[in-house]
Amino acid sequence: MLEQVREQWLDLVNDQLKEMQMEAGTGLDSIIKVGAQVPPKPEMGDIAFPLFALSKSLRKAPAAIASELMSRLEKTDGRPDGQLLVAGPYLNVKIDTSSLAQSVYESISERKDAYGQTDLYSGRKMMVEFSCPNTNKPLHLGHVRNDSIGSSISEILKANGAQVMKVNLINNRGVHICKSMLAYQRFGNGETPQSSGKKGDHLVGDYYVKFAQWEKEDPTAVEQAQKMLEKWEAGDEDTVQLWKKMNDWTLQGLEESYRTMHISFDKYYYESDTYKLGKDKILQGLADGIFYKEEDGSVWADLSDIKLDKKVLLRKDGTSLYITQDIGTAISRHDDWPFDSLTYVVASEQKYHFQVLFHLLEKLGFDWAKELHHLAYGMVFLPDGKMKSREGTVVDADDLVANLASLARQEIIEKQREDALDDIDETASSIALGAMNYYLLQVDPLRDMVFNPSESISFNGNTGPYLQYMGARICSMMRKYDEVKAQYADIPFDASLLDISAERELIKSLARYPEVVRKAGADFNPSVICAYLYDVSKVFSSYYHDNQVLKAETPQLVKARVELCSMVLQVLRNAFTLVGIPFLEKM
RNA sequence: GAGACCAUAGCUCAGCUGGAUAGAGCAUCAGAUUGCGGAUCUGAGGGUCGGAGGUUCGAAUCCUCUUGGUCUCGCCA
């Protein structure tokens with residue numbers, strides 16, 4: 001919306017500049033165009049055109065060009081409303097916010113929850129893979145960042161018109177799974193989630209830890225685990241039985257974690273179903289001369305064409321590897337749901353793996369391999385250092401959420417908000433999730449980051465709870481407004497009354513929202529939404545502090561301001577859903 | 001050893017295709033409440049954008065070199 005106005009001005013400016021350059025004798029092919037920018041301060045205008053670049057060809061100082069450009073533009077017909085300002089080497093435009101306010105008002109009232117959606121990816125089928133837990137332990141902080149990014153990206157793609165399929169891949173086989181099974185078999189004494197009162201994933205995880213201890217005492221432990229894997233692959237009934245039982249426990253536990261974290265998937269894939277699928281394609285590739293066989297029987301790919309070394313695809317005993325099954329999984333996914341793109345949300349330490357995977361699929365002749373993307377994200381550290389499972393400094397996801405919720409709960413009680421809430425536990429949990437997701441998504445995914453739990457849940461500063469509070473404040477005011485609403489029924493919304501600087505800023509922000517959604521989608525970057533949310537909330541917060549809404553001077557102004565607040569509310573709601581912040585009417 | 005990524009205030013992070021005086025939050029200090037939720041708001045101090053060159057009218061941003069850090073380079077996943 002702001003975009004269109006900017007484009008119009010940009011065209012007008014470049015048309016005039018073209019004329020000026022031609023008058024100065026510049027050849028058609030060396031005409032210089034300028035871009036549109038945003039002035040550093042609102043009082044300097046809303047759109048800026050820097051004119052440095054033209055001083056050479058026009059043989060004039062940029063400031064003189066700005067003056068001439070302004071007088072030429074003022075004689076032009078059909079330009080949008082707005083005021084032109086020369087500011088040194090810049091020509092700035094102060095747009096007419098009241099007409100902008102009117103069109104934003106119409107657009108938000110009409111589109112409501114859909115306000116901000118774009119057509120960037122409309123008609124495209126986009127698959128997103130994320131989470132991908134092992135079934136030998138519970139989720140930890142690393143998974144939480146993965147899930148946050150995966151869920152958020154999925155929502156952002158949807159908001160940009162895509163049809164999205166969220167998929168999970170459960171890593172439920174392999175020697176690491178056998179380790180927890182073996183430890184359970186030896187030390188478990190028939191313990192179950194019911195008998196122990198533990199969540200299934202935690203119970204299984206405990207035996208994975210137990211294996212690590214046992215491994216130190218008994219050097220044959222790893223060997224035994226390897227044997228168990230062989231039995232599993234051979235379909236040994238007892239082993240498969242145990243595997244099924246323990247997998248179920250873990251999966252039920254993981255499901256519970258997903259539920260509390262509001263994580264969901266459209267389809268699950270299981271490694272146990274897919275691990276053999278890639279093998280056939282590799283063998284086919286071997287037959288077609290794309291890959292080659294070593295003397296020992298192992299199958300390899302030569303990656304010198306992308307300046308990498310050789311890569312093993314099948315072991316000498318013919319069994320498949322991580323990359324083998326990922327080839328199979330990708331192919332079967334494309335068969336299941338012919339996507340236009342597939343994005344893997346996986347830690348950046350696996351960059352090499354995906355580079356190779358995508359290249360191999362391309363070599364195998366799948367043209368959709370070009371549409372595979374690795375959305376790599378950095379590691380999460382704690383304020384006191386790195387998470388190391390060996391050193392027991394892993395942050396368990398369930399514990400983290402529970403701790404954050406309990407902090408939120410304490411705060412609610414301290415502020416004596418308990419009676420005002422319908423359900424304190426539900427509210428505390430929503431605050432915890434909002435805090436966590438916002439904190440994790442604020443940072444560019446690519447970067448490593450430090451997660452500070454107590455800072456994330458803080459109610460001061462740039463946090464999820466702060467944003468939720470803004471939403472709750474507006475809702476609270478709206479409830480009061482509802483009581484007197486009838487008095488304002490006949491008063492029309494007059495956009496021109498919203499003319500103080502904070503109101504102008506808010507309107508521009510609201511108008512900018514669709515562009516923000518588009519950028520977040522184009523960049524696959526949720527932090528764009530977070531930055532926007534904080535920006536809007538901060539301006540609103542200050543505005544609301546300094547200006548009366550329900551007690552404004554005239555009924556017309558009350559109406560105009562209430563509508564402005566209601567627009568802010570709608571945009572907060574819409575943006576919250578893109579970054580996993582639960583919206584709270586009360587908190 | 002080779003490659004990739006990163007380096008911005010005491011700490012955690014923004015900074016759009018190169019543009020106006022490099023911005024937030026936390027922490028520190030100083031203020032604001034006969035007000036729609038003070039879980040708020042306002043202000044101050046705090047910077048050689050790791051370092052050195054280069055391109056450009058103009059560089060935190062682009063290029064080269066350099067220093068420091070992280071990750072990857074398994075018949076593990």
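Naming convention: chains lettered A, B, ... in sequence-line order (proteins, then strands); numbering from 1 in each chain. These numbers come from the heavy atoms of this one structure, side chains and all, not from hydrogens, waters or symmetry mates. No experiment lies behind these values; they were computed from the predicted model shown.
Here the side chain of A/Lys480 is nearest to one of B/C41, B/G37, B/A14, namely B/G37. Checking B/C36, B/G37, B/C57 against every side-chain atom of A/Ala53, the shortest atom distance belongs to B/C57. Ranking B/G37, B/C5, B/A14 by closeness to the A/Ala472 side chain, first place goes to B/G37. Nearest to the side-chain atoms of A/Lys351 among the listed nucleotides B/U70, B/C5, B/U42 stands B/C5. Closest to the side chain of A/Val450, out of B/U42, B/C16, B/C13, is B/C13.
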Query raised in the report: Between A/Phe459 and A/Tyr469, is a ring pair (Phe, Tyr, Trp, His ring centres under 6.0 Å) present by the stated rule, with each step listed?
Result: CA-CA 8 Å; A/Phe459 297 82; A/Tyr469 178 64; 8.8 Å; no

Query raised in the report: Under the ring pair (Phe, Tyr, Trp, His ring centres under 6.0 Å) criterion, do A/Tyr513 and A/Tyr532 qualify, and how do the steps go?
Result: CA-CA 8 Å; A/Tyr513 180 60; A/Tyr532 172 80; 5.3 Å; yes

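For the OP1/OP2 pair of B/G37 and a distance below 4.0 Å, the side-chain nitrogens and oxygens of A/Lys586 include no atom meeting the criterion. Residue A/Ser476 places at least one side-chain N or O closer than 4.0 Å to OP1 or OP2 of B/G37. In terms of phosphate contacts, A/Ser527 brings no side-chain nitrogen or oxygen within less than 4.0 Å of OP1 or OP2 of B/A14. For the OP1/OP2 pair of B/U70 and a distance below 4.0 Å, the side-chain nitrogens and oxygens of A/Arg447 include no atom meeting the criterion. A/Arg561 has no side-chain polar atom (N or O) that falls below the 4.0 Å cut-off from OP1 or OP2 of B/C36. One finds a side-chain N or O of A/Tyr466 lying less than 4.0 angstrom from the OP1 or OP2 phosphate oxygen of B/C41. Phosphate proximity of B/A39 to A/Lys415: present, with a side-chain N or O under 4.0 Å from OP1 or OP2.
In summary, the side chains of A/Thr118 and A/Asn160 do present a donor paired with an acceptor at a separation below 3.5 Å, with no hydrogens or angles considered. Under 3.5 Å, the side chains of A/His353 and A/Asp326 contain a donor-acceptor pair of N or O atoms. Side-chain contact, A/Asp201 with A/Thr250: no donor N or O sits under 3.5 Å from an acceptor N or O. Donor-acceptor pairing under 3.5 Å is recorded for the side chains of A/Thr135 and A/Asn247.
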Report summary line: With B for base contact, S for sugar-phosphate-only contact and - for none (protein heavy atoms under 4.0 Å), nucleotides 72-77 of chain B reads SS-BSB

Report task. Determine, for nucleotides 21-26 of chain B in 5'-to-3' order, which nucleotides have protein heavy atoms under 4.0 Å from the base (write B), from only the sugar-phosphate (write S), or from neither (write -). Result -> B--SSS

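A/Tyr534 has its ring centre less than 6.0 Å from the ring centre of A/Tyr466.
For the pair A/Ile474 CD1 and B/A39 C1', the computed distance is 15 Å after rounding to whole Å. As a whole-Å value, the separation of A/Leu467 CG from B/A39 C1' is 13 Å. When the P atom of B/A4 is taken as reference, atom NE2 of A/His374 falls 17 Å away, rounded to whole Å. In this structure, CE of A/Met449 is placed 17 Å from P of B/C11, rounded to the nearest angstrom. Atom P of nucleotide B/A27 and atom CG of A/Asn452 are separated by 11 Å, given to the nearest angstrom. A/Ile47 places its CD1 atom 19 Å from the P atom of B/C16, with the value rounded to the nearest Å.
Nucleic acid contact class of A/Val549 (heavy atoms, under 4.0 Å, all strands): base. Contacts of A/Ala48 with the nucleic acid, taken as non-hydrogen atoms under 4.0 Å apart, include base atoms. Across all strands, A/Met44 comes closer than 4.0 Å to base atoms (heavy-atom distances). Counting any heavy atom pair closer than 4.0 Å across all strands shown, A/Ala376 reaches no nucleic acid atom. When heavy atoms are screened at a 4.0 angstrom cut-off, A/Ala552 is found touching no nucleic acid atom at all. Contact annotation for A/Pro89: no contact, since no heavy-atom pair falls under 4.0 Å across all strands. Using a 4.0 Å heavy-atom cutoff across all strands shown, A/Asp535 reaches no nucleic acid atom at all. Nucleic acid contact for A/Pro465: none, since no nucleic acid atom lies under 4.0 Å from a heavy atom of the residue.
Atom NZ of A/Lys227 sits in a sparse spot, with 12 or fewer heavy atoms from other residues, nucleotides or ligands closer than 6.0 Å.
Residues A/Arg173 and A/Glu233 are paired through a salt bridge, judged by an N-O separation under 4.0 Å between the basic side chain and the carboxylate. Contact check on A/Glu294 versus A/Lys316 returns no salt bridge, with no Lys/Arg side-chain nitrogen under 4.0 Å from an Asp/Glu carboxylate oxygen.
Take the nearest nucleotide of RNA chain B for A/His545 and for A/Ala531: the residue whose nucleotide is more 5' is A/Ala531. Mapped onto RNA chain B by nearest heavy atom, A/Pro40 and A/Asp546 fall at different nucleotides, with A/Pro40 at the one closer to the 5' end.
In this structure, A/Asn134 contributes its side chain and A/Asn136 its backbone to no donor-acceptor pair below 3.5 Å. Not one N or O on the side chain of A/Asn525 forms a donor-acceptor pair closer than 3.5 Å with the backbone of A/Ala520. The main-chain N or O of A/Ser454 is never found under 3.5 Å from a side-chain atom of A/Ser458 such that the two would form a donor-acceptor pair.
Rounded to a whole angstrom, the distance from the P atom of B/U21 to that of B/G38 is 39 Å. Across B/U48 and B/A59, the matching C1' atoms stand 15 Å from one another, rounded to whole Å. For B/C65 and B/U72, the P atoms lie 25 Å apart once the distance is rounded to whole Å. Comparing B/U66 with B/C29, their C1' atoms sit 40 Å apart, to the nearest whole Å. Rounded to the nearest Å, the gap between the P atom of B/U12 and that of B/A27 is 15 Å. For the C1' atoms, the distance linking B/G10 with B/G46 amounts to 9 Å, nearest Å. As rounded to the nearest Å, B/U67 and B/C57 have P atoms that lie 32 Å from one another. The C1' atoms of B/A14 and B/A30 are separated by 27 Å, rounded to the nearest whole Å.
For A/Asn92 and B/A20, a side-chain-to-base donor-acceptor distance below 3.5 Å is present, hydrogens and geometry of angles not being considered.
The structure places CD of A/Gln468 at 6.0 Å from CZ of A/Phe576, a figure rounded to the nearest 0.5 Å.
With pairs defined as Watson-Crick or G-U wobble and both atom distances under 3.5 Å, the stems of at least three pairs that touch RNA chain B come out as B:1-7 with B:67-73, B:10-13 with B:23-26, B:28-32 with B:40-44, B:50-54 with B:62-66.
Of all the heavy atoms in A/Leu360 and A/Ala301, the pair that sits closest is CD2-CB, 3.6 Å.
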